[in-house]
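Position 1 is the first residue of the sequence; numbering continues from there.
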Amino acid sequence: MARLTSAQARRIAVAAQGFTQPRPHGRITRAHLRRLIERIQVLQLDSVSVAVRAHYAPVFSRLGPYDREVLDRAAWDHSRRAPRLLVEYWAHEAALMAVEDWPLLRWRMREYTHGRWGTHIVKKNPGLVDAVIAAVTEIGPATAGQIEEYLGTRTRRTKGAWWNRSDTKWVTEALFASGVFTTATRIGFARHYDLTERALPPEVVARQVDDEQAIRELLLRSAGALGVATEADLRDYFRLSAARAKPAIAALVAAGELEPVEVEGWDAPAYLRAGQQIPRQDRGTALLCPFDPLIFFRPRVQRLFDFVYRLEIYTPASRRRFGYYVWPFLLDGRLVARVDLKRTDSALHVVGAFVEPEQQPTWVAAALAEQLRSMATWLGVGRVTVGERGDLVDVLRTVV
């Protein structure tokens with residue numbers, strides 16, 4: 001069995017995610033976006049917008065400043081000016097993925113026949129399921145609220161957590177999870193549901209993939225996006241169960257499409273996709289949003305980078321160590337700092353900045369300032385301001 005050093009594994013992982021590729025010169029196009037999706041597979045969706053919504057950030061981190069409308073049109077333009085490039089589904093979590101890969105998750109849609117959560121509500125309301133389908137068939141793409149208005153089922157509800165939903169919302173989400181509905185478009189961040197057969201290309205809707213073949217394809221895509229990965233890593237990328245993944249990995253190894261390897265310091269076997277190259281040096285510099293595919297799986301982040309990372313959004317402010325929405329900073333292929341960012345009307349504000357142990361603050365701050373200025377320009381706020389929290393803020397303020 002081949003053996004990799006920890007440095008080789010880190011370089012493979014960073015390169016697999018596209019960070020060592022030259023950034024395009026000039027305008028970022030749909031073709032650039034397609035190639036990126038072929039490499040990293042998914043863009044996770046999340047409602048937090050304190051700096052920028054999560055699905056926009058990985059494109060910026062790899063390709064540089066771009067017009068976010070390129071991504072919006074690829075995912076949600078319903079004008080038919082160009083073939084649809086992306087579709088929403090429960091891929092990693094809620095995510096955008098290549099539209100032609102949607103059939104690879106039909107097995108999950110069958111598992112979610114009554115939804116992902118609130119299944120008891122859906123099961124006890126078959127008449128409402130039929131009514132919601134009929135409503136969307138009649139009125140076209142609509143939010144859950146618009147469907148409620150059409151059906152006359154809207155009730156007053158107090159604002160609160162996500163589970164404080166009406167029965168109509170639970171049913172609508174279940175129809176999305178089961179593949180009956182998909183997202184036709186988003187306005188703001190509100191999902192407008194439509195019948196999948198109307199919103200997706202007919203050849204995509206018609207395509208059937210054997211379940212075992214679909215799992216193997218998803219694992220190969222995971223392996224390509226991760227570069228080198230344990231079974232747990234491979235499973236996490238598309239949230240696959242051990243029962244589905246283990247036999248598929250064994251079949252891929254037997255077929256020569258995955259190569260078992262040992263990685264220095266890892267306590268589990270790992271796998272390379274056949275033909276994977278091993279970079280000779282550390283490269284890649286970028287700010288990573290908390291939902292970037294390179295850092296999806298926190299145990300893997302610690303293994304690769306010796307970097308303990310957790311999202312502190314749900315931690316009370318007084319108990320947060322680094323901040324509310326913290327972006328790890330990748331510099332020459334290593335995670336060297338973390339930055340709590342917030343966009344205001346006039347600036348990209350660094351709430352806090354922290355350098356990793358044994359890193360040179362002046363060197364880190366100079367490179368970080370360049371990335372922050374680029375991000376501020378991309379977001380249309382023009383300047384960077386620096387707050388008071390963290391051991392990197394003083395030197396960062398001098399170079400920003």
Side-chain angles (χ1 to χ4, degrees), residues 6-7 10-11 13-14 17 19 44 46 48-54 56-58 60-62 265 282-344 346-379 381 383-400:
S6 58
R10 183 181 64 247
R11 291 167 189 158
V14 172
Q17 282 284 312
F19 290 106
Q44 186 170 340
D46 190 80
V48 177
S49 60
V50 65
V52 64
R53 293 209 188 271
Y56 294 119
F60 167 76
S61 296
R62 290 155 179 81
D282 287 305
R283 295 172 53 204
T285 296
L287 281 161
L288 308 176
C289 90
F291 302 102
D292 191 283
L294 180 64
I295 56 174
F296 272 162
F297 193 39
R298 308 312 193 208
R300 173 179 167 83
V301 175
Q302 187 167 355
R303 260 185 282 120
L304 281 170
F305 300 102
D306 191 24
F307 188 93
V308 178
Y309 180 57
R310 63 189 294 264
L311 191 61
E312 297 182 282
I313 286 176
Y314 301 110
T315 302
S318 62
R319 292 168 51 195
R320 290 179 192 136
R321 183 178 178 189
F322 296 112
Y324 179 78
Y325 200 72
V326 173
W327 298 56
F329 180 45
L330 182 76
L331 176 57
D332 291 340
R334 298 170 186 264
L335 295 180
V336 299
R338 45 191 103 205
V339 193
D340 186 14
L341 292 178
K342 180 180 181 180
R343 186 188 71 249
T344 70
S346 60
L348 179 63
H349 182 58
V350 177
V351 181
F354 305 80
V355 68
E356 286 296 287
E358 301 182 9
Q359 299 296 329
Q360 212 289 323
T362 303
W363 173 66
V364 171
L368 177 57
E370 182 179 349
Q371 295 297 315
L372 290 168
R373 285 191 291 265
S374 176
M375 186 175 180
T377 301
W378 173 55
L379 295 177
V381 292
R383 66 191 184 103
V384 178
T385 57
V386 181
E388 301 298 328
R389 293 193 68 244
D391 55 6
L392 191 58
V393 293
D394 289 342
V395 65
L396 181 62
R397 192 178 298 110
T398 66
V399 293
V400 161

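- By the ring-ring contact (aromatic ring centres under 6.0 Å, His included) test, F296 is found to be paired with H92, Y237, residues two or more places apart in sequence or in another chain being considered.
- Atom CZ of R298 is surrounded by more than 12 heavy atoms from other residues, nucleotides or ligands within 6.0 Å.
- In this structure the side chain of P58 reaches within 4.5 angstrom of the side chain of P293, judged on heavy atoms.
- The closest side-chain heavy-atom distance from D332 to T285 is below 4.5 Å.
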Donor-acceptor contacts, no H, no angles, side chain residues 393-400, under 3.5 Å, sequence neighbours left out:
from : atom 1 : to   : atom 2 : distance (Å)
D394 : OD1    : R397 : NH1    : 3.2
R397 : NH2    : G387 : O      : 2.5
T398 : OG1    : V395 : O      : 2.6

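- Listed here is the closest heavy atom pair of M375 and L287: SD-CD1, 4.0 Å.
- Here the shortest heavy-atom pairing between D391 and F354 reads OD1-CA, 3.2 Å.
- For the pair Y325/I313, a side-chain contact is recorded, criterion being any heavy-atom separation below 4.5 Å from C-beta on.
- Within the 4.5 Å cutoff, the side chain of R320 has no heavy atoms near those of the D340 side chain.
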Derivation and outcome, side-chain contact (heavy atoms from CB on, under 4.5 Å), residues D292 and Q17: CA-CA 10 Å; D292 191 283; Q17 282 284 312; 4.3 Å; yes
Start with the C-alpha gap between L294 and F19, add the side-chain angles, then the distance that decides, and say whether side-chain contact (heavy atoms from CB on, under 4.5 Å) holds. CA-CA 10 Å; L294 180 64; F19 290 106; 3.8 Å; yes
Take L379 and F60 through the test side-chain contact (heavy atoms from CB on, under 4.5 Å) and record every step on the way to the result. CA-CA 10 Å; L379 295 177; F60 167 76; over 6 Å; no
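- With hydrogens and angles ignored, the 3.5 Å screen pairs a side-chain donor or acceptor of E312 with a backbone N or O of R321.
- Scanning all heavy atoms of the two residues, the minimum distance from C289 to A57 falls at CB-CB, 3.7 Å.
- Among all heavy-atom pairs drawn from R383 and A376, the shortest one is O-CB, 3.7 Å.
- Distance check: L331 CG to L368 CG gives 9.0 Å after rounding to the nearest 0.5 Å.
- The shortest side-chain heavy-atom distance between F305 and V14 falls under the 4.5 Å cut-off.
- Among all heavy-atom pairs drawn from D46 and R53, the shortest one is O-NH1, 3.9 Å.
- Each side-chain hydrogen bond (donor to acceptor under 3.5 Å, both in side chains) pair with one or both residues in residues 357-375, not counting sequence neighbours, would appear here, but there are none.
- Minimum interatomic distance between L392 and A337 (heavy atoms only, all atoms of both residues): CD2-CB, 4.1 Å.
- Rounded to the nearest 0.5 Å, atoms CZ (F307) and CZ (F329) are 11.5 Å apart.
- Atom CG of residue L288 and atom CZ of residue R62 lie 7.0 Å apart, to the nearest 0.5 angstrom.
- Side-chain contact between V326 and V339: absent, with no pair of heavy atoms (C-beta onward) separated by less than 4.5 Å.
- With rounding to the nearest 0.5 angstrom, the CZ atom of F322 is 12.0 Å from the OG1 atom of T315.
- To the nearest 0.5 Å, atoms OH (Y309) and CH2 (W327) are separated by 9.0 Å.
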Does L335 form a side-chain contact (heavy atoms from CB on, under 4.5 Å) with E356? I'd like the steps, not just the answer. CA-CA 8 Å; L335 295 180; E356 286 296 287; 5.7 Å; no
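- At a threshold of 4.0 Å, the pair D306-R10 does not count as salt-bridged, since none of the basic side-chain nitrogens sits closer than that to a carboxylate oxygen.
- Atom-to-atom distance recorded for L304:CG and I295:CD1 is 11.5 Å, nearest 0.5 angstrom.
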